[in-house]
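Bear in mind the structure is a predicted one, so any value in this text is a computation, not a measurement.
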Amino acid sequence: MTDDRVRAHVHVTGRVQGVYYRASTRDAARARDVDGWVKNLDDGRVEAVFEGPEDAVEEMVEWCHTGSETADVEDVAVEYEGPEQESGFRVRW
């Protein structure tokens, strides 16, 4: 079961704080049964980890390019890592 899990670590740049980006990311990830977390960074970016089946994780990476309705995404940087068995999806503070 864990053999097909992938993990994407993303950093999203643009107007992505104060525009419901984290809550929208949480909702989108949960709808796709993707595990992980999302949080704001002090430099204005949003950081997220998505872990699950490859197709669902790729959908989340693509979703990040648009994000919430009021976000203005400039860039999405992605690094793939080995799964760490995340469970559930949460907003980190």
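With a 4.5 Å cut-off on side-chain heavy atoms, F89 and D27 do not count as touching. When side chains are defined from C-beta on, F50 counts as touching T25, because their heavy atoms get closer than 4.5 Å.
Contacts classified as ring pair (Phe, Tyr, Trp, His ring centres under 6.0 Å) and involving residues 63-84 (residues at least two apart or in different chains) are given here: Y21-W63. Identified under the salt bridge (Lys or Arg N to Asp or Glu O under 4.0 Å) test for residues 68-78, with sequence neighbours left out: none.
Checked by atom type and distance alone, the side chain of E51 pairs as donor or acceptor with a backbone atom of E84 at under 3.5 Å. At distances below 3.5 Å, at least one donor-acceptor pair connects side-chain atoms of D35 with backbone N or O atoms of G88. Judged purely by atom type and a 3.5 angstrom limit, Q17 uses its side chain to pair as donor or acceptor with the backbone of L41.
Ion pairing between a basic and an acidic side chain is recognised when a charged N comes within 4.0 Å of a carboxylate O; D55 and R32 show no such pairing. The pair E86-R7 meets the salt-bridge criterion, since a charged nitrogen lies less than 4.0 angstrom from a carboxylate oxygen.
Between the side chains of E47 and H9, a donor-acceptor pair is found at a separation under 3.5 Å.
Residue V19 is grouped with residue V76 when hydrophobic side chains (ILVMFWY) are merged at heavy-atom distances under 4.5 angstrom, including chains of intermediate members. With hydrophobic clusters built from ILVMFWY side chains whose heavy atoms lie under 4.5 angstrom apart, V16 shares a cluster with W93. V78 and W37 fall into different hydrophobic clusters, where Ile, Leu, Val, Met, Phe, Trp and Tyr are joined by side-chain heavy atoms under 4.5 Å apart, directly or via other members. Note: the hydrophobic cluster containing V10 also contains V91 (ILVMFWY, side chain heavy atoms under 4.5 Å, direct or indirect links). In terms of hydrophobic clustering, with Ile, Leu, Val, Met, Phe, Trp and Tyr side chains grouped at heavy-atom distances under 4.5 Å, V12 and V49 are assigned to different clusters.
Minimum heavy-atom separation, C64 to V73: O-CG2, 3.4 Å. Of all heavy-atom pairs between A71 and T66, the closest is CB-O, 4.0 Å. Closest non-hydrogen pair, V57 versus A8, comes out as CG1-CB, 3.7 Å.
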If you apply the rule side-chain contact (heavy atoms from CB on, under 4.5 Å), what do you find for R5 with Q85, and how did you get there? CA-CA 9 Å; R5 285 177 70 87; Q85 305 312 313; 3.8 Å; yes

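Atom-to-atom distance recorded for E59:CD and E54:CD is 11.5 Å, nearest 0.5 angstrom.
Atom CD of E81 has more than 12 heavy atoms from other residues, nucleotides or ligands within 6.0 Å.
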